[in-house]
Amino acid sequence: GKLKVKVRTKGIQGRRTKSIAVTTNDPARRNLRLQIIFHSQSPVEVLPQLVANLNGLSGDVIEQTLVLHRGDGQPLEITDAVSTRQGVSVTYEKVTEETAEPKARPAATQAGDWRLTVRLDDSSQERSESGTIKVSTNHPQRELLLIPLRVRVRPLLSFQPNRVHLRAM
């Protein structure tokens with residue numbers, strides 16, 4: 001027989017593995033687990049992942065740099081990038097031959113890529129919130145790229161549990 005599988009790839013990119021549980025009428029193998037390995041290519045790839053995580057301690061410089069390029073290999077242009085959260089700034093620069101970092105971890109860059117730096121302007125207050133980075137591009141399928149944003153600023157000191165009950169003896 002034939003087995004048809006559909007995987008929703010919206011919002012994912014890169015190498016992925018999915019498993020499928022199959023029940024058969026074969027007495028020797030009633031249950032099978034099939035594994036599918038595939039590469040999902042996004043029109044505009046965001047590395048190291050399609051999310052901006054600003055996570056740190058109160059008072060720290062909290063920022064993350066993302067690398068963007070077109071999945072089809074054509075030149076990418078960025079005309080604007082903004083955050084929907086107040087106090088989060090976004091800057092972007094095109095990577096040149098001189099600024100390329102082909103061996104950088106977690107995301108290597110080459111000429112023509114874009115570096116998007118997302119930075120928390122003030123990390124003095126504890127906060128936890130989410131939002132979106134809106135990036136305007138020249139890609140016909142992704143003229144507006146939406147990158148999820150997560151912000152978490154933890155206090156310098158915290159105690160677990162945060163409440164203690166003392167009883168007189």
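Atom set for the values below is all heavy atoms of this structure, side chains included, hydrogens, waters and symmetry mates excluded. Given the structure is predicted, the values throughout are model-derived calculations rather than measurements.
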- Residue R29 excluded, over 12 heavy atoms near CZ under 6.0 Å: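 No.
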- Is the count of non-hydrogen atoms from other residues, nucleotides or ligands lying under 6.0 Å from K94 atom NZ greater than 12?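 Counting other residues, nucleotides and ligands, NZ of K94 exceeds 12 neighbours.
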Do [X] and [Y] belong to the same hydrophobic cluster, where Ile, Leu, Val, Met, Phe, Trp and Tyr are linked whenever their side-chain heavy atoms lie under 4.5 Å apart, directly or via other members?
| X | Y | result |
| --- | --- | --- |
| F38 | V22 | yes |
| I133 | L54 | yes |
| L149 | L68 | yes |
| I37 | V7 | no |
| L146 | I78 | no |

Is the closest side-chain heavy-atom distance between [X] and [Y] below 4.5 Å?
| X | Y | result |
| --- | --- | --- |
| V5 | I36 | yes |
| V151 | L120 | yes |
| H69 | L47 | yes |
| L144 | K134 | yes |
| V61 | R119 | yes |
| T132 | I147 | no |
| V153 | Q125 | no |
| L66 | P48 | yes |

- Task: May I have the step-by-step check of side chain to side chain contact (heavy atoms under 4.5 Å, CB included) for N31 and T24, ending in yes or no?
- Result: CA-CA 6 Å; N31 297 306; T24 72; over 6 Å; no
- Just by distance, do the side chain of S89 and the backbone of D121 share a donor-acceptor pair under 3.5 Å?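 Checking the backbone N and O of D121 against the side chain of S89, no donor-acceptor pair under 3.5 Å is found.
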- Task: Examine distances only and state if a side-chain atom of Y92 and a backbone atom of V135 form a donor-acceptor pair shorter than 3.5 Å.
- Result: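 No; judged by distance alone, with no hydrogens or angles, the pair does not exist.
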- Which distance, rounded to the nearest 0.5 Å, do you find between the CZ of R70 and the CD of Q141?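 R70 CZ to Q141 CD: 8.5 Å, rounded to 0.5 Å.
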Minimum heavy-atom separation for [X] to [Y], with atom names?
| X | Y | result |
| --- | --- | --- |
| E77 | N138 | N-OD1, 2.9 Å |
| P155 | L57 | O-CD2, 3.7 Å |
| P148 | L50 | CD-O, 3.3 Å |
| S124 | S58 | O-OG, 3.0 Å |
| Q86 | R127 | O-NH2, 3.2 Å |
| S130 | R85 | O-CD, 3.2 Å |

- Message: If the threshold is 4.0 Å, N to carboxylate O, is there a salt bridge linking E126 and R154?
- Response: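 Salt bridge between E126 and R154, a charged N being under 4.0 Å from a carboxylate O: no.
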- Any side-chain donor paired with an acceptor under 3.5 Å for D60 and S123?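 No - no donor-acceptor pair under 3.5 Å links their side chains.
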- With sequence neighbours excluded, residues passing side-chain contact (heavy atoms from CB on, under 4.5 Å) with R150: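 Partners of R150 by the side-chain contact (heavy atoms from CB on, under 4.5 Å) criterion, ordered by chain and then number, come out as V51, N53.
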- Item | Any residue meeting side-chain hydrogen bond (donor to acceptor under 3.5 Å, both in side chains) with R152, in chain and number order, not counting sequence neighbours |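 Applying side-chain hydrogen bond (donor to acceptor under 3.5 Å, both in side chains) to R152 gives none.
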Please tabulate, for side-chain N and O atoms in residues 109-117, each donor-acceptor pair with protein atoms closer than 3.5 Å (sequence neighbours left out).
| unit_1 | atom_1 | unit_2 | atom_2 | d |
| --- | --- | --- | --- | --- |
| T109 | OG1 | E101 | N | 2.8 |
| T109 | OG1 | R115 | NH2 | 3.3 |
| D113 | OD2 | Q110 | N | 3.0 |
| W114 | NE1 | L76 | O | 2.8 |
| R115 | NH2 | T99 | O | 2.5 |
| R115 | NH2 | E101 | OE1 | 3.1 |
| T117 | OG1 | T65 | OG1 | 3.4 |

- Query: Quick one: which of V118, I62, V82 gives a side chain to side chain contact (heavy atoms under 4.5 Å, CB included) with V88?
  - Reply: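 Answer to the side chain to side chain contact (heavy atoms under 4.5 Å, CB included) test with V88 among V118, I62, V82: V118.
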